[in-house]
Enquirer: 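Please see the structure below; I have some questions.
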Amino acid sequence: MNIKTVGVVGAGTMGQGIAEMLASKGLEVIIIEQSEERLDYGKQMIEVSLDKQIEKWALTKAEKKLIMNRIEPSLGYDKLAGCELVIETITEDLDSKKEIFKKIDKICGAHVILASNTSTLSLTELASVTGNPDRVIGMHFIYPVFKIDLVEIVRGLKTSEDTFARTKHFVEEIIRKKGVMVFESPGFVTTRLICLFINEALHVLEEGVASAEDIDSAMRIGYSFQHGPFEMCDRFGLDSVLAALERMFREYGELKYRPSIVLKKMVRAGHLGVKSGAGFFKYDMDGDRIG
């Protein structure tokens, strides 16, 4: 079955990126949020992202208009009834995600794929609140969604072969990204490895071995990372990295996942990275680094 209309629940950083990418691939997108204010902000940030591409001659104004016209913001979940695929992208809170899966399970027909962009939570547990757990799957996109051509396709305990095959076809043939199959495990592949990388960089910083700037330069220039571990952490959101590490620490019980004290202090102080304008470095309203 062809996927032409995709629902995106949540207009935060990942929701914005996923909606923009889907619309740029010619798909109709319905984006859902809890308030008009958050919907407006989400749409505004998608426009900012498209305007940046226009500045770099990667997009024309006419193409931007087409992309924005394909994105329909809504406060009502009922709109999702017309979708062939729904992707949930809200913050990493299990109870909140379960509530959303209960809602969309009642609204969407049994043939509709229900996907979560979770990076650490159990797909099997999310699927357990639905009437059709076989159609629940993980689609873990990596920030920035537009540039990173990889999606972790995560199978829960009851995810059917048909759901997996349709999701893989969507990822590889429709949105043209590489799909890697992952069996459910806290942190999957990418989050588990990158959070350990960031956490180890934090320990190096704590020990006074080098400054955040120099650690980032060493990894960026020496190993061709697009961003060093600290700018990476800022862009993911320090609170998101902390939540992922804490969950993996609980699940695996291994000390290597215990979050750095520096990370905890910064989150308590509200230094969350790009989203708050300051983390290990400073950022402007558009998310560009200023110091």
Side-chain angles (χ1 to χ4, degrees), residues 10-18 20 37-38 41-42 44-46 48-49 51-52 89-93 96 117-121 140-148 150 187-188 190-249 256-291:
T13 306
M14 289 307 291
Q16 293 157 23
I18 292 168
E20 178 193 334
E37 187 186 12
R38 287 169 79 162
Y41 177 74
Q44 180 194 333
M45 292 312 289
I46 293 169
V48 165
S49 172
D51 287 338
K52 280 187 188 176
T89 73
I90 69 159
T91 51
E92 292 288 272
D93 178 77
S96 303
N117 182 55
T118 181
S119 56
T120 56
L121 299 174
H140 180 222
F141 292 87
I142 296 167
Y143 179 87
V145 179
F146 202 83
K147 289 182 183 173
I148 308 291
L150 180 83
F188 312 138
T190 56
T191 302
R192 184 172 171 180
L193 295 179
I194 212 67
C195 284
L196 276 176
F197 171 60
I198 290 168
N199 208 33
E200 192 57 34
L202 281 155
H203 292 320
V204 172
L205 180 70
E206 276 177 55
E207 290 163 22
V209 175
S211 67
E213 181 75 67
D214 285 346
I215 294 167
D216 266 18
S217 295
M219 299 313 294
R220 199 178 66 249
I221 299 163
Y223 289 92
S224 302
F225 279 78
Q226 187 183 355
H227 301 299
F230 294 107
E231 187 166 347
M232 219 182 265
C233 189
D234 281 349
R235 293 189 179 281
F236 293 153
L238 274 71
D239 51 340
S240 299
V241 174
L242 177 61
L245 282 165
E246 285 179 333
R247 180 161 290 276
M248 289 189 287
F249 183 41
K256 64 183 177 181
Y257 298 107
R258 188 169 66 187
S260 152
I261 293 295
V262 170
L263 184 61
K264 287 184 172 181
K265 278 184 186 172
M266 289 184 75
V267 170
R268 284 173 192 147
H271 298 303
L272 307 181
V274 173
K275 65 176 96 172
S276 67
F280 293 99
F281 306 108
K282 290 193 169 77
Y283 303 86
D284 65 16
M285 286 288 288
D286 295 341
D288 293 324
R289 196 168 143 188
I290 53 176

Enquirer: Are there more than 12 heavy atoms of other residues, nucleotides or ligands under 6.0 Å from atom NZ of Lys256?
Expert: yes

Enquirer: Any idea which heavy atoms bring Phe280 and Asp234 closest together, and the distance?
Expert: N-OD1, 2.9 Å

Enquirer: Which atom names give the shortest non-hydrogen contact between Pro259 and Leu245, and what distance separates them?
Expert: CG-CB, 3.9 Å

Enquirer: Looking at CG of Leu272 and CG of Asp239, how far apart are the two atoms once the value is rounded to the nearest 0.5 Å?
Expert: 4.5 Å

Enquirer: Just by modelled atom types, is the Ala11 backbone N or O under 3.5 Å from a matching donor or acceptor in the Gln16 side chain?
Expert: yes

Enquirer: Heavy atoms only: give me the nearest Phe197-Phe225 pair and the separation to one decimal.
Expert: CE2-CE2, 3.7 Å

Enquirer: I need the Met232 CE to Cys195 SG distance, nearest 0.5 Å.
Expert: 10.5 Å

Enquirer: Tell me whether Thr191 contacts the main-chain N or O of Phe188 through its side chain, where contact means a donor paired with an acceptor under 3.5 Å.
Expert: no

Enquirer: Do Asp288 and Tyr283 get their side chains close enough for a donor-acceptor pair, meaning under 3.5 Å?
Expert: no

Enquirer: Find the distance between OG (Ser119) and OH (Tyr143) and round it off to the nearest 0.5 Å.
Expert: 15.0 Å

Enquirer: Starting at OG of Ser224, measure out to CE of Met219 and round the result to the nearest 0.5 Å.
Expert: 10.0 Å

Enquirer: Of the non-hydrogen atoms in Arg235 and Gly287, which two are nearest, and what is the gap between them?
Expert: NH1-O, 3.1 Å

Enquirer: Establish, from distance only, whether the side-chain atoms of Glu92 and Thr120 form a donor-acceptor pair under 3.5 Å.
Expert: yes

Enquirer: Indicate yes or no for a side-chain donor-acceptor contact from Asn117 to the backbone of Phe141 under 3.5 Å, with no hydrogens or angles considered.
Expert: yes

Enquirer: For residues 206-216, which side-chain N or O atoms pair as donor and acceptor with protein atoms under 3.5 Å away, sequence neighbours left out?
Expert:
from	atom 1	to	atom 2	distance (Å)
Glu206	OE2	Ser260	OG	2.5
Ser211	OG	Asp214	N	3.1
Glu213	OE1	Arg289	NH2	2.9
Glu213	OE2	Arg289	NH2	3.4
Asp216	OD1	Phe230	N	2.8
Asp216	OD2	Glu231	N	3.0

Enquirer: Which atom names give the shortest non-hydrogen contact between Lys275 and Ser240, and what distance separates them?
Expert: NZ-OG, 3.9 Å

Enquirer: To the nearest 0.5 Å, how far apart are OG1 in Thr91 and CE in Met14?
Expert: 13.0 Å

Enquirer: From Leu205 CG over to Leu263 CG, what is the distance, rounded to the nearest 0.5 angstrom?
Expert: 11.0 Å

Enquirer: Does any part of the side chain of Ile194, heavy atoms only, come nearer than 4.5 Å to the side chain of Phe236, both counted from C-beta?
Expert: yes

Enquirer: Shortest non-hydrogen contact from Thr190 to Ile142?
Expert: CG2-CD1, 3.7 Å

Enquirer: Would the distance check show the side chain of Arg192 and the main-chain N or O of Met248 forming a donor-acceptor pair, the cut-off being under 3.5 Å?
Expert: no

